Amino acid sequence: MFTGIITDIGEVSRVEMRGDMRARIACHYDMAGVDLGASIACDGVCLTVIDKGPDWFDVDISAETLSKTNIGANGWTAGKRLNLERALRVGDELGGHIVSGHVDGVALIEAIRDEGDSTRVR
């Protein structure tokens, strides 16, 4: 579970296509405190840490995830900046709202219009 509050800006440093896509993401997190198997939301998509170094982590991204998320069918490219958020832990402050980071469907934006001081998407 996530709050939707971004806690770091990461950058894709390497991408490999090997059936699925593997991406290395540079970050400012203290990776000593991130376990293998931990979930990190990357631009809102819940991904699993499969390898890590002092200032990076790797994730595998399936073809299904590529086709159903904002990552896109062609995946990310090196240099892309990503909003990052660590998963909630029991006792963490809930300063945003609870979101799962798992995709339930795909939508098509039909229109965007200003409404007062907000933007309305339909």
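Excluded from the calculations below are hydrogen atoms, water molecules and symmetry mates; all remaining heavy atoms, backbone and side chain alike, are included. Since the model is a prediction, treat every value here as computed from it, not as a measurement.
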Group every Ile, Leu, Val, Met, Phe, Trp and Tyr by side-chain heavy-atom contacts under 4.5 Å, then state whether [X] and [Y] land in the same group.
{"X": "Met31", "Y": "Trp56", "result": "no"}
{"X": "Leu82", "Y": "Ile6", "result": "no"}
{"X": "Leu36", "Y": "Leu47", "result": "yes"}

- Message: To the nearest 0.5 Å, what is the distance between CZ on Phe57 and OG on Ser13?
- Response: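 Those atoms lie 10.0 Å apart.
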- Query: To the nearest 0.5 Å, what is the distance between SG (Cys46) and CD (Glu85)?
  - Reply: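 Between atom SG of Cys46 and atom CD of Glu85 there are 10.0 Å.
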Between the main-chain N or O of [Y] and the side-chain N or O of [X], is there a donor-acceptor pair closer than 3.5 Å?
{"X": "Glu11", "Y": "Ala26", "result": "no"}
{"X": "Asp43", "Y": "Asn83", "result": "yes"}
{"X": "Asp35", "Y": "Gly37", "result": "no"}

- Message: Apply side chain to side chain contact (heavy atoms under 4.5 Å, CB included) to residues Asn70 and Val45 and explain how you reach the verdict.
- Response: CA-CA 8 Å; Asn70 59 7; Val45 180; 3.5 Å; yes
- Quick one: are Leu84 and Cys42 in side-chain contact, heavy atoms under 4.5 Å?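 Touching, per the 4.5 Å side-chain cut-off.
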- Check whether any side-chain heavy atom of Thr48 lies under 4.5 Å from a side-chain heavy atom of Asp60, and answer yes or no. no
- Message: Taking Asp51 first and then Arg22, would you say they form a salt bridge - that is, a charged N and a carboxylate O separated by under 4.0 Å?
- Response: no
- With respect to Ile25, which candidate in Asp58, Ile40, Asp8, Val59 satisfies the side chain to side chain contact (heavy atoms under 4.5 Å, CB included) definition?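 Between Ile25 and the candidates, side chain to side chain contact (heavy atoms under 4.5 Å, CB included) is satisfied uniquely by Val59.
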